[in-house]
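Within every chain, numbering begins at 1; the chains are lettered A, B, ... in the order of the sequence lines, protein sequences first and strands thereafter.
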Amino acid sequence: DTEVTQTPKHLVMGMTNKKSLKCEQHMGHRAMYWYKQKAKKPPELMFVYSYEKLSINESVPSRFSPECPNSSLLNLHLHALQPEDSALYLCASSQLPGALNEQFFGPGTRLTVL
Amino acid sequence: RKEVEQDPGPFNVPEGATVAFNCTYSNSASQSFFWYRQDCRKEPKLLMSVYSSGNEDGRFTAQLNRASQYISLLIRDSKLSDSATYLCVVNRDSGAGSYQLTFGKGTKLSVIP
């Protein structure tokens with residue numbers, strides 16, 4: 001199994017809603033990542049979890065709250081988002097943390113904030 | 001100077017052509033290099049890592065020139081299915097357990113019948 005899965009595939013939410021994005025991998029990878037990608041732009045790193053601990057937070061607003069319940073799962077909790085947060089949210093994993101490791105991406109959740 | 005720069009294209013090439021993409025990076029401390037491809041409205045997929053000695057995978061050849069700080073990708077015998085955006089990715093450890101993964105903006109390739 002060399003797959004990273006993400007749910008839901010699409011999400012529409014209002015600015016007052018609370019929702020969560022989920023990511024799962026069963027490759028035994030010990031680093032997991034959240035990225036945000038706007039149309040016609042490259043992915044931008046948001047968070048990195050290394051061995052289930054948050055190791056990098058790229059100055060992301062607190063309305064995005066990551067969680068890593070175990071080594072296979074990564075969540076992104078959303079609350080009071082703004083329309084400009086509409087984007088493709090990508091999860092990725094790598095075997096180990098660190099610059100030398102290849103990252104594998106999930107299919108993403110396409111988020112629309114109304 | 002942007003940290004990772006690519007020609008955005010588009011590159012429109014006929015089937016069977018050979019096409020080359022270049023990418024330059026500004027930080028000489030960069031440690032690892034990758035090419036990803038991304039189809040429209042899909043996730044990036046790892047195409048290949050780029051090693052100092054150069055590496056080949058079928059029709060794809062990647063080269064790294066550390067002295068000049070550029071990376072290249074050569075695609076031979078282009079197929080229609082090669083049409084995608086190709087992202088150059090550079091990674092480096094930035095200390096204290098942190099690291100900096102930087103994507104180029106991508107080069108769009110369209111292979112025409």
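- To the nearest 0.5 angstrom, A:Lys40 atom NZ is 8.5 Å from B:Thr85 atom OG1.
- Across every non-hydrogen atom of B:Glu43 and A:Leu90, the tightest pair is CB-CD2, 3.7 Å.
- More than 12 heavy atoms of other residues, nucleotides or ligands shown are found within 6.0 angstrom of CZ on B:Phe60.
- Here the closest non-hydrogen pair linking B:Asn91 and A:Gly98 is ND2-O, 4.0 Å.
- When every heavy atom of A:Asn101 is checked against every heavy atom of B:Phe34, the shortest pair comes out as O-CZ, 4.0 Å.
- Criterion: ILVMFWY side-chain heavy atoms under 4.5 Å apart, direct or through other members. Under it, A:Leu45 and A:Leu54 are not part of a common hydrophobic cluster.
- Contact annotation: the side chain of B:Gln38 approaches that of A:Gln37 to within less than 4.5 Å [non-hydrogen atoms, C-beta and beyond].
- When hydrophobic clusters are built by joining Ile, Leu, Val, Met, Phe, Trp and Tyr residues whose side-chain heavy atoms come closer than 4.5 Å, directly or via intermediates, A:Val4 is not grouped with A:Met32.
- Side chains of A:Gln103 and B:Tyr36 form a contact here, defined as non-hydrogen atoms less than 4.5 Å apart.
- Chain A forms more heavy-atom pairs under 4.5 Å with one residue of B:Ser30, B:Gly106, B:Pro44, B:Pro8 than with any other, namely B:Pro44.
- In terms of heavy-atom pairs under 4.5 angstrom with chain A, the leader among B:Arg41, B:Lys42, B:Lys105 is B:Arg41.
- Few gaps surround NZ on A:Lys38; more than 12 heavy atoms of other groups in view lie less than 6.0 Å from it.
- No more than 12 heavy atoms of other residues, nucleotides or ligands lie within 6.0 Å of CD in A:Gln95, so this atom counts as exposed by the packing criterion.
- Under a hydrophobic-cluster definition in which Ile, Leu, Val, Met, Phe, Trp and Tyr are linked whenever side-chain heavy atoms come within less than 4.5 Å, directly or via other members, B:Met48 and B:Phe21 are assigned to the same cluster.
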